[in-house]
Protein chains: 2
Amino acid sequence: MVILPYITKGRYLVLKKNFSNYKKRANIMKAMAHPVRLLILDHLSKGEMCVCEINELVSLDQSTVSKHLAVLRNAGIVEDEKRGMKVFYTLKTPCVLKYLDCVEGVIRAN
Amino acid sequence: MVILPYITKGRYLVLKKNFSNYKKRANIMKAMAHPVRLLILDHLSKGEMCVCEINELVSLDQSTVSKHLAVLRNAGIVEDEKRGMKVFYTLKTPCVLKYLDCVEGVIRAN
DNA sequence: GTGATATATGGCAATATTACCATATAGTAT
DNA sequence: ATACTATATGGTAATATTGCCATATATCAC
């Protein structure tokens, strides 16, 4: 008996309930899978930063950085806290950086 | 002195050499960041599988599964070996599944 | 109140991803 | 050789991502 974990909605995939965990996991990984966002996470691993500091890390429009932060925030990877005019971001689950060891391993192996 | 790790090519980002590691890492994570590919990796963690077996895991066109496997292969996450008519896939760096602990942590924390 | 600073959001265009179908390639059997 | 099975690739359409610009919102200083 073959288990079919997916049904399609239009042309795109929707996971059946039993398999929705794969979708949740993929969403979190997708949130991390961007060079700018990895750079941000890497710097946040050393401690909280305000958006103004994060902005200085990359030569991108302020609105673009803000949207990258929103992706990380919506995925539950970082938290924000407003203090005065500034918003400070922190890693909510610092383990997200552990993947780096492995990803580095993949790079070395190739 | 602010370091600007990115230059833009057209409307899209290109990493400067010193920061290209973030791009490499992001590419590997992006290759993993899809529910079908996570499902495949999860099953491969139990041992090699031929494409015909992988095809039975999901209700997707054979060509679609083949393309997902190509994404994993091109990222250096899996290896393929042809034996007779069949192609067997194996995890090249089994640690890629370790991230799951952490990703689960993010899910639980939210 | 006005003005300056810090951050977020709406809109849109360029690009990337992902699905399917059709077809190509390779091995095996007859 | 033909026929069949297993897998990969080209094409294309729907959708998603990502950048910038313009604008909105919120806080602080005056």
Side-chain angles (χ1 to χ4, degrees), chain A residues 4-15 22-23 26-40 48-75 78-90, chain B residues 4-15 22-23 26-40 48-75 78-90:
Chain A
L4 298 176
Y6 297 100
I7 51 171
T8 49
K9 178 193 175 190
R11 297 175 53 82
Y12 273 73
L13 283 178
V14 173
L15 292 167
Y22 287 114
K23 197 176 181 184
N27 282 338
I28 290 167
M29 299 207 69
K30 205 155 48 164
M32 290 194 267
H34 187 285
V36 169
R37 296 197 290 269
L38 286 184
L39 176 77
I40 292 171
E48 68 169 19
M49 295 177 81
C50 68
V51 178
C52 51
E53 290 171 313
I54 296 169
N55 276 331
E56 290 185 346
L57 293 174
V58 291
S59 61
L60 287 173
D61 194 86
Q62 171 268 323
S63 68
T64 301
V65 173
S66 185
K67 280 180 182 174
H68 280 302
L69 289 169
V71 170
L72 293 170
R73 189 173 2 100
N74 293 334
V78 299
E79 274 180 329
D80 60 329
E81 185 191 334
K82 187 158 193 171
R83 296 207 291 273
M85 272 196 300
K86 297 185 177 179
V87 176
F88 289 86
Y89 279 83
T90 46
Chain B
L4 299 175
Y6 297 99
I7 52 170
T8 49
K9 179 193 175 188
R11 297 174 55 79
Y12 273 76
L13 281 178
V14 173
L15 291 167
Y22 287 114
K23 197 176 181 184
N27 282 339
I28 291 167
M29 299 207 69
K30 203 154 49 163
M32 290 195 268
H34 186 285
V36 168
R37 296 198 287 269
L38 285 183
L39 176 77
I40 292 171
E48 68 168 19
M49 293 176 83
C50 68
V51 178
C52 51
E53 290 170 313
I54 296 168
N55 276 332
E56 291 185 344
L57 293 174
V58 291
S59 59
L60 286 173
D61 195 84
Q62 171 269 321
S63 68
T64 302
V65 173
S66 184
K67 281 180 181 175
H68 279 303
L69 289 168
V71 170
L72 293 171
R73 188 173 3 97
N74 292 334
V78 300
E79 273 179 330
D80 61 330
E81 185 190 333
K82 188 158 193 171
R83 296 207 291 273
M85 272 195 301
K86 298 185 176 177
V87 177
F88 290 85
Y89 279 83
T90 46

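Proteins come first, then strands; the chains are lettered A, B, ... in the order of their sequence lines, and each starts at number 1.
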Shortest side-chain distance from [X], nucleotide among [options]:
X: Arg37(A); options: dT7(D), dT18(C), dT18(D); value: dT18(D)
X: Asp61(B); options: dT7(C), dC20(C), dA19(C); value: dC20(C)
X: Ser63(B); options: dA19(C), dT7(C), dC21(C); value: dC21(C)

Can you tell me the distance, in whole Å, between the [atom1] atom of [X] and the [atom2] atom of [N]?
X: Lys30(A); N: dT18(C); atom1: NZ; atom2: P; answer: 7 Å
X: Asp80(B); N: dT7(D); atom1: CG; atom2: C1'; answer: 10 Å
X: Glu56(B); N: dT7(D); atom1: CD; atom2: C1'; answer: 15 Å
X: Asn55(B); N: dC20(C); atom1: CG; atom2: C1'; answer: 14 Å
X: Glu53(B); N: dA6(D); atom1: CD; atom2: P; answer: 11 Å
X: Leu69(B); N: dA6(D); atom1: CG; atom2: P; answer: 15 Å
X: Glu81(B); N: dG27(C); atom1: CD; atom2: C1'; answer: 15 Å
X: Lys86(B); N: dG27(C); atom1: NZ; atom2: P; answer: 16 Å

State, with a plain yes or no, whether a side-chain heavy atom of Val71(B) is found less than 4.5 Å away from one of Lys67(B).
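Of all side-chain heavy-atom pairs linking Lys67(B) with Val71(B), none is under 4.5 Å.
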
Would you compute the distance between atom CE of Met49(A) and atom OG1 of Thr90(A) and round it to the nearest 0.5 angstrom?
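Interatomic distance, Met49(A) CE to Thr90(A) OG1, rounded to 0.5 Å: 12.5 Å.
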
5' to 3', nucleotides 23-30 of chain D under a 4.0 Å protein heavy-atom cut-off (B base, S sugar-phosphate only, - none) gives ---SBS--

Those residues that, when tested against [X], pass side-chain contact (heavy atoms from CB on, under 4.5 Å) (two or more places apart):
X: Asp80(B); value: Arg73(B), Val87(B), Tyr89(B)
X: Thr64(B); value: Leu60(B), Asp61(B), His68(B)
X: Lys86(B); value: Cys50(B), Cys52(B), Phe88(B)

At their closest point, which heavy atom of Ala31(A) faces which heavy atom of Arg37(A), and how far apart are they?
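Nearest heavy atoms, Ala31(A) then Arg37(A): O-NE, 2.6 Å.
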
Considering every strand and a 4.0 Å limit on heavy-atom distances, what is the contact class for Tyr89(B): base, sugar-phosphate, or nothing?
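Sugar-phosphate: the residue Tyr89(B), judged by heavy atoms under 4.0 Å, touches backbone atoms but no base.
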
Sugar-phosphate only, base, or nothing, as touched by Lys67(A) at under 4.0 Å among non-hydrogen atoms:
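Base contact - Lys67(A) has a heavy atom under 4.0 Å of at least one base atom.
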
Contacts of type salt bridge (Lys or Arg N to Asp or Glu O under 4.0 Å), residue Glu48(A), not counting sequence neighbours
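For Glu48(A), the residues satisfying salt bridge (Lys or Arg N to Asp or Glu O under 4.0 Å) (neighbours in sequence not counted) are Arg83(A).
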
Considering just the side-chain nitrogens and oxygens of His68(B), establish if one lies under 4.0 Å of OP1 or OP2 belonging to dT17(C).
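Looking at the OP1 and OP2 atoms of dT17(C), neither is under 4.0 Å from any side-chain N or O of His68(B).
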
Does dC20(C) have OP1 or OP2 under 4.0 Å away from a side-chain N or O of Thr64(B)?
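So the side chain of Thr64(B) is within the cut-off, an N or O lying under 4.0 Å from OP1 or OP2 of dC20(C).
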
